[in-house]
Amino acid sequence: MRTARRRPIHRTMNDTTTPAPDSAPRYDFAAAEPKWQQAWADRACFTVEDVPTDGKPKYYVLEMFPYPSGKIHMGHVRNYTLGDVVARYKRARGHSVMHPMGWDAFGLPAENAARERGVHPAKWTYDNIAAMRTELRRMGLSLEWEREFATCQPEYYQHQQKLFLDFLKAGLVERKESWVNWDPVDGTVLANEQVIDGKGWRSGAPVEKKQLSQWFLSITKYAPDLLDALDRMDRWPERVRLMQANWIGRSEGAKLAFTLADSNGADSAETVEVYTTRPDTLFGMSFMAIAPEHPIANEVAARDPKAAAFIAECKSRGTSEATIETGEKLGYDTGLRVKHPFIEGATYPVWIANFVLMEYGTGAIFGCPGHDQRDMDFARKYALDVTPVVLPPNTDPAAFVLGKEAYTGPGTAFNSGFLDGLDVDAAKRAAIGKLESLGVGKGLTNWRLRDWGVSRQRYWGCPIPVIHCDKCGVVPVPDDQLPVRLPEDVTFDKPGNPLDHHPTWKHVNCPACGAKARRETDTFDTFVDSSWYFARYCSPKANVPLVKAAVDHWMPVDQYIGGIEHAILHLLYSRFFTRAMKDTGHVSVDEPFAGLFTQGMVNHESYRGTDNRWLYPEEIEKRPDGTAVHRETGEPVTVGRVEAMSKSKRNTIDPGAIIARYGADTARWFILSDNPPERDMEWTESGAAGAFRFTQRVFRLAEALDGTRTETMPDAFGPAGRTMRRATHRCIAAVTEALDSFAFNVAVARLYELANAITEAERAATEAGLAWARREAVEMLARLSSPMMPHLSEEVYARLFPDSGHLVAELAWPEADPALLVAESVTIAVQVMGKLRGTIEAVPNAPADAVIAAAEADPNVAKALEGKRIVKRVHVPNRIVNFVVAG
RNA sequence: GCGGGUGUGGCGGAACGGUAGACGCAGAGGACUCAAAAUCCUCCGCACGUGAGUGUGUGUCGGUUCGAAUCCGACCACCCGCACCA
């Protein structure tokens with residue numbers, strides 16, 4: 001258990017307050033920022049214990065940990081600034097705040113660097129981490145670096161291997177064959193997003209569909225709970241919950257078996273299973289369609305070359321964009337026929353169809369063109385029967401004809417035997433009942449969610465801790481042999497997985513029988529690494545995956561912050577993993593993230609030169625008329641769209657350069673002030689410069705107090721002092737409210753208002769107590785802005801209270817004096833028929849009679865009322881008077 | 001196609017059903033300065049008016065209400081997600 005050691009605050013005021021030359025800024029952020037970062041570290045302001053005993057309510061703030069690409073980008077700055085505001089604010093509000101940081105350090109870019117530049121993935125990764133850690137430290141984030149880890153460290157991934165083995169024991173892991181995207185040149189499986197136009201994103205080779213034995217985590221076992229729990233996650237964005245619900249994809253229907261008729265029309269032994277959500281439309285069936293990968297399709301292909309050719313064509317067209325965009329439906333009649341479950345003697349053709357997916361349902365459907373658009377398209381193309389069986393409300397059955405549009409709305413069954421007259425829902429139930437009594441089918445809830453394939457044929461990932469033995473099959477690596485470490489001496493000179501090529505690594509003896517055996521050479525999908533890191537932070541040094549007392553104290557994460565791009569995979573995998581960890585006794589919670597906030601992107605204008613090449617923002621110069629020229633050549637520059645910062649468009653801003661020029665506080669302040677954090681923001685030079693001006697202005701407001709020091713609060717204040725104090729305390733209340741609701745841009749606006757009010761007070765004539773009121777205002781300006789601009793806040797506070805002995809980071813959040821939140825007088829709007837005709841001043845909560853009388857007396861109001869009869873007088877206390885008139 | 005979201009000045013945006021445009025950016029004018037920078041002050045939705053003020057205005061059209069950016073209905077535009085899911 002670590003304890004926080006307290007050391008004195010460094011006081012080096014003279015370093016930063018030496019008058020600079022007139023033209024230079026007087027607040028020297030370059031000196032102040034490292035100084036305060038050191039002070040926070042020295043006094044361990046952000047350190048908490050794994051199992052705290054301080055009795056404070058816990059608050060776990062987490063931003064999605066970064067991939068160590070080597071440099072932070074503005075998206076990181078936004079993400080970590082948002083998290084830091086929450087962390088610092090909650091800390092000040094009396095919470096014990098855990099705010100850790102680490103690295104999502106396994107992944108393909110490290111291997112690419114190894115192939116392209118010959119640098120070892122580990123070196124590349126650790127160098128990048130060192131560089132990014134330095135940059136993050138410069139931001140002044142209230143992070144507890146003591147908890148830092150990288151997922152590529154054996155100290156981390158050994159516990160992941162242990163968790164996997166526990167899952168294996170608990171029956172949450174399966175090894176099964178599955179279809180994968182195979183890159184024949186790189187010799188590896190590709191994720192769907194790595195397949196572009198049917199070709200491998202690196203090799204450019206056409207991707208093949210291949211069946212491979214892979215490890216799967218049984219996320220589908222939790223599908224109902226993962227779906228149901230979404231309803232209770234009221235601190236998650238609605239759209240993320242919707243996206244997950246769609247992804248999980250629950251549907252209700254029936255599974256039923258069709259009997260194949262042999263060539264004589266008699267029953268054969270074979271059946272074909274079908275899943276449908278519309279069992280009520282069975283009487284409208286006109287064909288059956290099966291996926292090209294369906295076993296029956298294979299059987300047909302074995303004896304029918306044309307069928308084989310058709311299937312081959314489907315597979316090659318596969319996911320190609322042309323097929324998806326045109327949506328053209330293609331089919332091949334196998335000559336087989338199936339019998340209808342309800343209609344004696346009726347049989348239907350079996351087609352192989354490109355629009356039927358093997359991955360969904362059973363890979364076979366019954367076609368009802370009347371009430372399914374895809375089936376309709378197919379039927380019209382191949383001239384198959386169309387029989388309507390659902391009659392829309394208030395429609396004459398004789399007049400109801402279907403053209404090219406299927407009818408999918410509500411109605412009553414007709415042409416449907418025993419279902420006739422029932423509405424759609426009742427007909428579904430009746431049809432399912434009948435299928436069940438006939439023993440050919442049953443009601444079934446189907447899920448779109450698939451089990452999670454975690455095998456990757458790559459080096460730079462966590463080894464899957466199993467051994468393949470010819471005699472014993474798959475044998476888990478015993479606990480005492482963990483971790484299964486990655487070998488360091490690997491080469492990347494040939495395609496495929498370096499672990500597989502390694503001369504010795506995979507050759508081991510079977511832990512069960514001692515015979516020669518092989519290590520699993522696949523590594524985990526990196527989404528596994530990020531599916532439990534948030535729990536590991538609770539006890540990052542423990543020699544077991546998770547220390548129960550620590551995770552039970554800190555989990556769930558109270559506020560998780562990151563990009564919307566992880567709305568489905570990372571967040572869903574983490575929700576699953578947490579449930580699996582609970583079922584294997586590692587944690588006590590189901591849900592890892594109680595609150596989720598998804599931030600918007602950081603955008604920037606893009607620029608093109610005369611030769612149409614993209615230009616970096618620092619290569620161009622803006623002119624007053626809004627046009628731009630090349631800084632060196634003077635040639636005109638086309639100002640393009642404002643869009644997501646990307647290297648290819650060169651519209652990136654380097655956070656390091658911004659911090660060097662303006663300081664971290666300026667970067668943080670601008671990023672918070674621009675707009676609400678969930679929306680995309682635009683980084684602008686003028687906005688950043690504006691934020692910088694404000695940091696200087698705050699410092700000047702504090703400087704201007706020099707020589708006005710008074711220790712005790714005066715008994716009475718003059719009018720300017722009272723105005724100042726009310727502004728201060730209104731600001732406390734408003735900023736508090738804004739921070740509570742993630743309205744950081746509003747909090748910033750309220751602080752600008754306070755600064756403006758202080759400037760006004762500076763101009764007021766000297767009066768008793770005004771100096772004290774100004775000091776109070778500047779103090780609050782500093783303290784209220786501390787979550788956003790922590791360094792400047794400390795600097796100003798230290799200037800005001802050189803002997804306080806504590807840091808703003810250690811102070812409790814200010815409280816507004818309720819007495820000062822009540823205005824001395826209120827402005828009441830006066831309307832006539834809802835139109836504003838004037839305003840009157842009144843004491844708060846003045847009696848209605850007096851207010852209405854004063855309103856009527858207002859000259860402009862009187863003019864508007866002239867010659868009219870007042871029908872009604874509406875009075876909303878302290879807000880508005882409205883006269884309703886006639887005539 | 002299905003689902004979701006968003007429309008407010010030149011721009012980002014603010015606004016418990018109660019004075020629309022807080023605050024910032026950009027712009028205009030002024031003070032200080034030999035000058036510039038920095039800083040400070042004033043103005044800044046649109047139209048008419050010297051002005052007081054009047055009219056108009058939150059995507060469009062309606063509705064509810066004493067009063068609508070806000071609530072309801074229809075439509076338009078844009079953005080995002082998913083997509084042959086049976």
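Residue numbers begin at 1 in each chain, while the letters A, B, ... track the order of the sequences.
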Gap between atoms [atom1] and [atom2], on [X] and [N] respectively (whole Å):
{"X": "A:F744", "N": "B:rG13", "atom1": "CZ", "atom2": "P", "value": "16 Å"}
{"X": "A:L754", "N": "B:rG24", "atom1": "CG", "atom2": "P", "value": "12 Å"}
{"X": "A:H371", "N": "B:rG1", "atom1": "NE2", "atom2": "P", "value": "21 Å"}
{"X": "A:Q831", "N": "B:rG17", "atom1": "CD", "atom2": "C1'", "value": "12 Å"}
{"X": "A:N603", "N": "B:rG12", "atom1": "CG", "atom2": "P", "value": "12 Å"}
{"X": "A:F692", "N": "B:rA38", "atom1": "CZ", "atom2": "C1'", "value": "11 Å"}
{"X": "A:I568", "N": "B:rC82", "atom1": "CD1", "atom2": "C1'", "value": "8 Å"}
{"X": "A:F287", "N": "B:rA86", "atom1": "CZ", "atom2": "C1'", "value": "10 Å"}

Parallel, tilted or perpendicular: which fits the ring planes of A:H371 and A:Y407, with parallel below 30° and perpendicular above 60°?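 Rings of A:H371 and A:Y407: perpendicular, as their planes differ by over 60°.
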Can you tell me which nucleotide in [options] comes closest to the side chain of [X]?
{"X": "A:L242", "options": "B:rG4, B:rA22, B:rG13", "answer": "B:rG4"}
{"X": "A:E753", "options": "B:rC23, B:rG12, B:rC80", "answer": "B:rC23"}
{"X": "A:Y752", "options": "B:rC23, B:rG13, B:rG81", "answer": "B:rC23"}
{"X": "A:F355", "options": "B:rG12, B:rA15, B:rC84", "answer": "B:rC84"}

How would you label the contact of [X] with the nucleic acid (heavy atoms, under 4.0 Å): base, sugar-phosphate, or nothing?
{"X": "A:R879", "answer": "base"}
{"X": "A:G690", "answer": "sugar-phosphate"}
{"X": "A:E682", "answer": "nothing"}
{"X": "A:N882", "answer": "base"}
{"X": "A:D375", "answer": "nothing"}
{"X": "A:S673", "answer": "nothing"}
{"X": "A:V874", "answer": "base"}

For [N] and [X] - does any side-chain N or O of the residue sit under 4.0 Å from the phosphate oxygens OP1/OP2?
{"X": "A:R679", "N": "B:rU6", "result": "no"}
{"X": "A:R750", "N": "B:rA14", "result": "no"}
{"X": "A:N246", "N": "B:rG3", "result": "no"}
{"X": "A:N675", "N": "B:rG24", "result": "no"}

Under the rule for side-chain contact (heavy atoms from CB on, under 4.5 Å), what residues qualify as partners of A:M833, not counting sequence neighbours?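 Checked A:M833 against side-chain contact (heavy atoms from CB on, under 4.5 Å); matches are A:V884, A:V885.
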State which residues pass side-chain contact (heavy atoms from CB on, under 4.5 Å) with A:A755; sequence neighbours excluded, sorted by chain then number.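 A:A755 satisfies side-chain contact (heavy atoms from CB on, under 4.5 Å) with A:F694, A:R697, A:L701, A:L781 once adjacent residues are dropped.
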How should the glycosidic conformation of B:rG81 be described, syn or anti, under the criterion that syn lies within 90° of 0?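 Anti, which is what one calls it when the glycosidic angle falls more than 90° from 0.
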Is the centre of the A:Y348 ring less than 6.0 Å from the centre of the A:F366 ring?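 No, too far apart.
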Using a cut-off of strictly less than 4.0 Å between a heavy atom of the residue and any atom of RNA chain B, enumerate the qualifying residues of residues 356-366 of chain A by number.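 By residue number: A:V356, A:L357, A:Y360, A:I365.
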Rounded to the nearest 0.5 Å, how far apart are CH2 of A:W351 and CE of A:M288?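 Going from CH2 on A:W351 over to CE on A:M288, the span is 14.5 Å.
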For A:L230, does its backbone N or O pair with a side-chain atom of A:R241 as donor and acceptor, under 3.5 Å?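 Yes, because the side chain of A:R241 sits within donor-acceptor range (under 3.5 Å) of the backbone of A:L230.
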Backbone N or O of A:V861 within a donor-acceptor pair of the A:E856 side chain at under 3.5 Å?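 No, A:E856 side chain to A:V861 backbone: no donor-acceptor pair under 3.5 Å.
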In B/S/- notation, 5' to 3', how is nucleotides 39-65 of chain B contacted by protein heavy atoms closer than 4.0 Å? SSS-----------SSSS---------
Is [Y] close to [X] at the side-chain level, that is, under 4.5 Å between some pair of heavy atoms?
{"X": "A:R668", "Y": "A:D665", "answer": "yes"}
{"X": "A:H604", "Y": "A:M645", "answer": "yes"}
{"X": "A:L384", "Y": "A:P369", "answer": "no"}

Exceeds 12 heavy-atom contacts within 6.0 angstrom, atom NZ of A:K442: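 No.
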More than 12 heavy atoms of other groups within 6.0 Å of A:R380 CZ: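 Above 12, so yes.
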Output the pairing pattern of RNA chain B as a dot-bracket string, 5' first, Watson-Crick or G-U wobble with both distances under 3.5 Å, | for cross-strand pairs, [ ] for crossing pairs. (((((((..(((.....[....))).(((((.......))))).((((....))))..(((((..]....))))))))))))....
Checking A:Y752 now: which residues fulfil side chain to side chain donor-acceptor pair (under 3.5 Å) with it, not counting sequence neighbours?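 Applying side chain to side chain donor-acceptor pair (under 3.5 Å) to A:Y752 gives A:W669.
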